[in-house]
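Note that the numbering runs from 1 along the sequence shown for the chain. Side-chain atoms are counted along with the backbone in the values below, which use heavy atoms only and exclude waters and symmetry mates.
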Amino acid sequence: MFKRLRVAIVAAAVVASGVVVSNFAYAEDVSPNAASDLRLQLGETDPDLLAGLRDELGTVTVSDVVESANRTARSCSAPVSHRAASFCWDSGDSGVQYWMPQGITSTSDADASGTVEGHEALVTSWYDTGSSGINRGVRLSFVDMSNTSTPAYRHILLVEPYRNGSQVDFKAVNAHAGGIVWYGDKLYVTNTYAGVRVFDMDDLMQVATGDSNAIGRQADGGYMAHNYRYILPQAGHYTPSTTGGEPRVRYSQMSLDRTTSPDSLLVSEYDSNGDGTRMVRWDLDESSNLIAEDSDGYAKADWSYTVSIRSMQGAVSVDGVFYLNRSNGSSTKGDVMTWVPGQLADIHTGAVPIGPEDLSYWGQKGQLWGSTEYAGKRYVFASRLSSW
């Protein structure tokens, strides 16, 4: 059995003057004026580049990707409390050393109905460590959840368009991809201190396969992507900045909250010691599916809270309650924390497998989904939110 503890989160309210006031779990939420010191500014990919890739490659649909799944997950029982479902990647993906699973989202995030083009699907992100001698960047796994124990899935590659002389081309995306959110036609990917990358799911494209080393435009005029059949080119990049003396934000993980009005993105920060780690919320523009901007062109945070939680690996908020993953290294099971601002937090010690990562809430099922990163110890799993 996991051990359940009641603890105080060290919270800090940051006022406009920059003064920090700590009062151990009873601090007020950061004021809107202070939160607005945390900013993102969207720089869009040159539309001519994306149009050029569409002309060269055309586009495919989410259904095309999901229905072309070419791998099958294995049945397994993840050691998570209140387990509702779980599976393990195929043997190759479970053991590969250079690809590391990180973020997780689903069609529940993408659409309030819980489906996209008639499919229920999970999407996870993996980053390449480069340890194989090639850095392939970031890949996504589209998992067909019509079967929750041995689902079929396919990997695709994220790419960044650029102009190579007079030709449109693309290269690997350099990001840790610790958190992802699929919202409408947009996919958000965290980029640590470099902010957030955004992709348009309507720009899924098919490329040639056959060479695992090749990426971008080839001598014959075709395009390849390290032997992945599908690519998703970057549509824009949210560059971060701060004002008022606020420290820069580490965009480690991300989740969607459909229980706020408007819908919002919740970013959480990783730090192994928990020194000043925060959770920060940005409202979404539900007409564009982009982060809501002010008239000056900045998307300013709408809420921020310093929690100082060590090794925070994902945070989800549902109806004002926060559910957090905490890692305890590569040999000890992780913890789940549940918390309401202004109250004591519960720690459910050892409640999730070793190496927990990002979190996502599947609202229609009432399930909290997560995954783990270490080779040979990789699970994808759901717990019943109401049981926490």
>> If we ignore hydrogens and angles and just use 3.5 Å, is the side chain of Thr190 paired with the main-chain N or O of Gly179 as donor and acceptor?
In response: yes
>> I'd like to check Val336 versus Leu324 (side-chain heavy atoms, cut-off strictly below 4.5 Å). Are they in contact?
In response: no
> For Gln206, what residues pass the side chain to side chain donor-acceptor pair (under 3.5 Å) criterion, not counting sequence neighbours?
Replying inline: none
>> I need the full list of side chain to side chain donor-acceptor pair (under 3.5 Å) pairs touching residues 175-186, with sequence neighbours left out, sorted by first then second residue.
In response: Gln102-His176, Tyr183-Asp263, Asp185-Asn289
> With sequence neighbours left out, which residue pairs that include part of residues 272-314 fulfil the disulfide (SG to SG under 2.5 Å) condition?
Replying inline: none
> With sequence neighbours left out, what residues match Asp294 under salt bridge (Lys or Arg N to Asp or Glu O under 4.0 Å)?
Replying inline: Lys300
>> Taking the basic N atoms (NZ, or NE/NH1/NH2) and the acidic carboxylate oxygens, is any pair closer than 4.0 Å for Glu120 and Lys365?
In response: yes
> Are Leu256 and Val318 connected in a single hydrophobic cluster, I mean Ile/Leu/Val/Met/Phe/Trp/Tyr linked by side-chain heavy atoms less than 4.5 Å apart?
Replying inline: no
>> Tyr251: which residues meet the ring-ring contact (aromatic ring centres under 6.0 Å, His included) condition with it, sequence neighbours left out?
In response: Trp282
>> Quick check for you: to the nearest 0.5 Å, what is the distance between Asn273 atom CG and Ser308 atom OG?
In response: 11.0 Å
> Sub-3.5 Å donor-acceptor pair from the side chain of Asn147 to the main-chain atoms of Thr150, do we have one?
Replying inline: yes
>> Which residues pass the side chain to side chain contact (heavy atoms under 4.5 Å, CB included) test with Thr372, not counting sequence neighbours?
In response: Pro353, Arg378, Tyr379, Phe381
>> As an exercise, state the distance from CZ of Arg258 to OG of Ser317, rounded to the nearest 0.5 Å.
In response: 13.0 Å
>> Walk me through whether Glu67 and His119 qualify under side chain to side chain donor-acceptor pair (under 3.5 Å).
In response: CA-CA 9 Å; Glu67 293 171 7; His119 292 283; 2.9 Å; yes
> side chain to side chain contact (heavy atoms under 4.5 Å, CB included) between Val143 and Val123: does it pass, once the steps are laid out?
Replying inline: CA-CA 6 Å; Val143 185; Val123 177; over 6 Å; no
> Could you give all pairs that pass the side chain to side chain donor-acceptor pair (under 3.5 Å) test and reach residues 40-57, with sequence neighbours left out?
Replying inline: Arg54-Asp203
> Is the closest side-chain heavy-atom distance between Pro101 and Tyr127 below 4.5 Å?
Replying inline: no
>> Working to the nearest 0.5 angstrom, can you tell me the gap between Leu368 CG and Leu385 CG?
In response: 6.0 Å
> Arg248: what forms a side chain to side chain donor-acceptor pair (under 3.5 Å) with it, not counting sequence neighbours?
Replying inline: none
> Passes side chain to side chain contact (heavy atoms under 4.5 Å, CB included), Ser330 versus Tyr374? Steps please.
Replying inline: CA-CA 7 Å; Ser330 60; Tyr374 296 116; 3.7 Å; yes
>> Could you go through Trp369 and Tyr323, starting from their C-alpha distance and side-chain angles, then the distance that decides it, and tell me whether this counts as ring-ring contact (aromatic ring centres under 6.0 Å, His included)?
In response: CA-CA 11 Å; Trp369 279 87; Tyr323 304 83; over 10 Å; no
>> Show, in sequence, the C-alpha distance, side-chain angles and deciding distance for Thr260 and Asp302, and conclude whether the side chain to side chain contact (heavy atoms under 4.5 Å, CB included) test is met.
In response: CA-CA 12 Å; Thr260 57; Asp302 297 278; over 6 Å; no
> Gln364 and Ser108: which non-hydrogen atoms are nearest, and at how many Å?
Replying inline: OE1-OG, 2.7 Å
>> Within the structure provided, determine whether Asn325 and Asp358 are in side-chain contact (heavy-atom separation under 4.5 Å).
In response: no
>> To the nearest 0.5 Å, what is the distance between CG on Asp169 and CG on Leu49?
In response: 9.5 Å
> Which pairs count as ring pair (Phe, Tyr, Trp, His ring centres under 6.0 Å) when at least one residue sits in residues 132-161, sequence neighbours excluded?
Replying inline: Trp89-Tyr153, Trp126-His155, Tyr153-His155
> Given Arg139 and Asp93, is the salt bridge (charged side-chain N to carboxylate O under 4.0 Å, His left out) satisfied, shown in steps?
Replying inline: CA-CA 12 Å; Arg139 72 181 183 183; Asp93 290 326; 3.2 Å; yes
> Are Arg310 and Asp271 within salt-bridge range, i.e. N to O under 4.0 Å?
Replying inline: no
>> Atom CG of residue position Asn174 - does it have more than 12 heavy atoms of other residues, nucleotides or ligands inside 6.0 Å?
In response: no
>> Applying side chain to side chain donor-acceptor pair (under 3.5 Å), can you list everything that pairs with Glu117, at least two apart in sequence or on another chain?
In response: Ser63
> Would you say Ile180 and Tyr188 make side-chain contact, with heavy atoms under 4.5 Å?
Replying inline: no
>> Using side-chain heavy atoms (C-beta onward) and a distance below 4.5 Å, is Val198 in contact with Val189?
In response: no
>> Assess the residue pair Asp64 and Thr61 against the criterion (side chain to side chain contact (heavy atoms under 4.5 Å, CB included)); give the C-alpha distance rounded to whole Å, side-chain angles, the decisive distance to 0.1 Å, and a yes or no.
In response: CA-CA 5 Å; Asp64 291 329; Thr61 66; 3.1 Å; yes
> Tell me, which pairs form a disulfide (SG to SG under 2.5 Å) where one or both residues lie in residues 64-156, sequence neighbours left out?
Replying inline: Cys76-Cys88
>> If hydrophobic clusters are built by linking Ile, Leu, Val, Met, Phe, Trp and Tyr wherever their side-chain heavy atoms come under 4.5 Å apart, do Tyr361 and Val340 end up in the same one?
In response: yes
>> What I'd like to find out is whether the side chain of Asp319 reaches to under 4.5 Å of the side chain of Val321, using heavy atoms alone.
In response: no
> Do Phe322 and Pro341 have side-chain heavy atoms sitting under 4.5 Å apart?
Replying inline: yes
>> Do Val380 and Ile104 have side chains that approach each other closer than 4.5 Å (heavy atoms only, starting at C-beta)?
In response: yes
> So, the side chain of His237 versus the backbone of Gly43: is there a donor-acceptor pair under 3.5 Å, distance only?
Replying inline: no
> Quick one: CG on Asp128 to CG on Leu157, what's the gap to the nearest 0.5 Å?
Replying inline: 9.5 Å
> With sequence neighbours excluded, what pairs up with Arg163 under the salt bridge (Lys or Arg N to Asp or Glu O under 4.0 Å) test?
Replying inline: none
>> Quick check for you: to the nearest 0.5 Å, what is the distance between Leu284 atom CG and Ile291 atom CD1?
In response: 6.5 Å
